[in-house]
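What follows is one structure encoded as structure tokens, with my remarks underneath.
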Amino acid sequence: MKVFLGKFLFAGLFFIPSAVLANPACAVCTVAIGASLEIARRLGVPDSVVGLWAGALLTLLGYWTIKFFDKKGWNFWGRNALLIALSVSMIGFIYLGQVPYSPVWICDVLYIDPVLFGTLLGMFLFILTEKVYDWMKVKNGGHAHFPFEKVVLPVVVLALVSWLLCVCSF
């Protein structure tokens, strides 16, 4: 009986209202993207598309690291750019030994590995959509146009670019 009562009281603690800290994006979406990357590769999704979502995910983790540094008061010159760069460069450790380095010509302009290309493109697109969201929010009086707009914008942009990369087959 004591064990049941203890579990009941512990479960009740989750329903106590508390202050919520703002995050750059949805944590559930982040976990879903991270878990689905390897599954996508096994299903035959092109490496550039996997790299695109991995780049966005790692950029998001870089934003969270920046928030953590802000909370701790750790400030130094070039901190944000360094933290984003370190976060995105983790792609090399994620797929180390799984994906061989095999550069290809992209649009006859750029000779780069598809995973690296997708990662850099995902980073750029995620940062761009965050800036666009901030701009749209300012133009709307500090409010989002619809619920979860901050999550929907990057997901839609990444999905459209994923489709484009699949059609172009880099």
Side-chain angles (χ1 to χ4, degrees), residues 22-68 78-170:
N23 285 325
C26 172
V28 175
C29 301
T30 304
V31 172
I33 291 169
S36 64
L37 289 176
E38 185 60 28
I39 295 169
R41 288 203 73 244
R42 291 176 189 249
L43 290 174
V45 175
D47 284 344
S48 58
V49 175
V50 173
L52 180 81
W53 288 89
L57 170 70
L58 292 172
T59 304
L60 176 60
L61 294 177
Y63 275 130
W64 284 351
T65 307
I66 290 170
K67 290 285 190 187
F68 176 75
R79 179 195 73 166
N80 293 355
L82 176 68
L83 291 174
I84 293 291
L86 286 174
S87 177
V88 173
S89 66
M90 290 293 141
I91 190 72
F93 296 110
I94 292 173
Y95 293 116
L96 185 65
Q98 293 180 10
V99 179
Y101 180 73
S102 54
V104 296
W105 283 101
I106 296 177
C107 297
D108 294 330
V109 176
L110 192 59
Y111 189 66
I112 190 169
D113 184 68
V115 176
L116 181 59
F117 171 73
T119 301
L120 295 174
L121 184 61
M123 175 191 71
F124 174 74
L125 288 174
F126 189 83
I127 292 171
L128 182 68
T129 56
E130 288 297 312
K131 300 286 185 193
V132 168
Y133 169 74
D134 289 339
W135 176 78
M136 288 171 54
K137 190 174 171 181
V138 167
K139 291 290 186 182
N140 197 35
H143 300 287
H145 292 87
F146 54 89
F148 300 105
E149 181 180 21
K150 190 170 193 168
V151 175
V152 170
L153 282 177
V155 169
V156 167
V157 168
L158 290 170
L160 288 173
V161 173
S162 296
W163 174 78
L164 182 65
L165 288 174
C166 284
V167 170
C168 296
S169 68
F170 291 127

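Along the sequence shown, the residues carry numbers beginning at 1.
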Which atom of T59 lies closest to which atom of I84, heavy atoms considered: O-CD1, 3.7 Å
Note, Y63 side chain near I127 side chain (heavy atom, < 4.5 Å): yes
L121 side, atom CG; L158 side, atom CG - distance, nearest 0.5 Å: 8.5 Å
Pairs satisfying side-chain hydrogen bond (donor to acceptor under 3.5 Å, both in side chains), at least one member in residues 152-167, at least two apart: W53-S162
For F68, all residues meeting ring pair (Phe, Tyr, Trp, His ring centres under 6.0 Å), sequence neighbours excluded: W74
Residues forming a side chain to side chain contact (heavy atoms under 4.5 Å, CB included) with I112, sequence neighbours excluded: I106, L110, L116, F117, L120
Residue pair M136 / H145: nearest heavy atoms and the distance that separates them: O-CE1, 3.6 Å
Side chain to side chain, S48 and V115, heavy atoms closer than 4.5 Å: no
Distance in Å, D134 CG paired with T129 OG1, rounded so as to fall on 0.5 Å steps: 9.5 Å
Listed pairs under 3.5 Å, donor-acceptor, residues 137-144 side chains, sequence neighbours left out:
| residue | atom | partner | partner atom | Å |
| --- | --- | --- | --- | --- |
| N140 | ND2 | H143 | O | 2.9 |

Pairing residues for Y111 by the ring pair (Phe, Tyr, Trp, His ring centres under 6.0 Å) criterion, not counting sequence neighbours: W105
Rounded distance [0.5 Å steps], CD1 in I66 versus CG in L82: 9.5 Å
By side-chain hydrogen bond (donor to acceptor under 3.5 Å, both in side chains) - contacts of T65 (at least two apart): none
Over all atoms of both residues, closest heavy-atom pair of S102 and P114: O-CD, 3.4 Å
Just list the side-chain donor-acceptor pairs under 3.5 Å for residues 85-92, sequence neighbours left out, or say none.
| residue | atom | partner | partner atom | Å |
| --- | --- | --- | --- | --- |
| S87 | OG | L58 | O | 2.3 |
| S87 | OG | G62 | N | 3.2 |
| S89 | OG | A85 | O | 3.2 |
| S89 | OG | L86 | O | 2.8 |

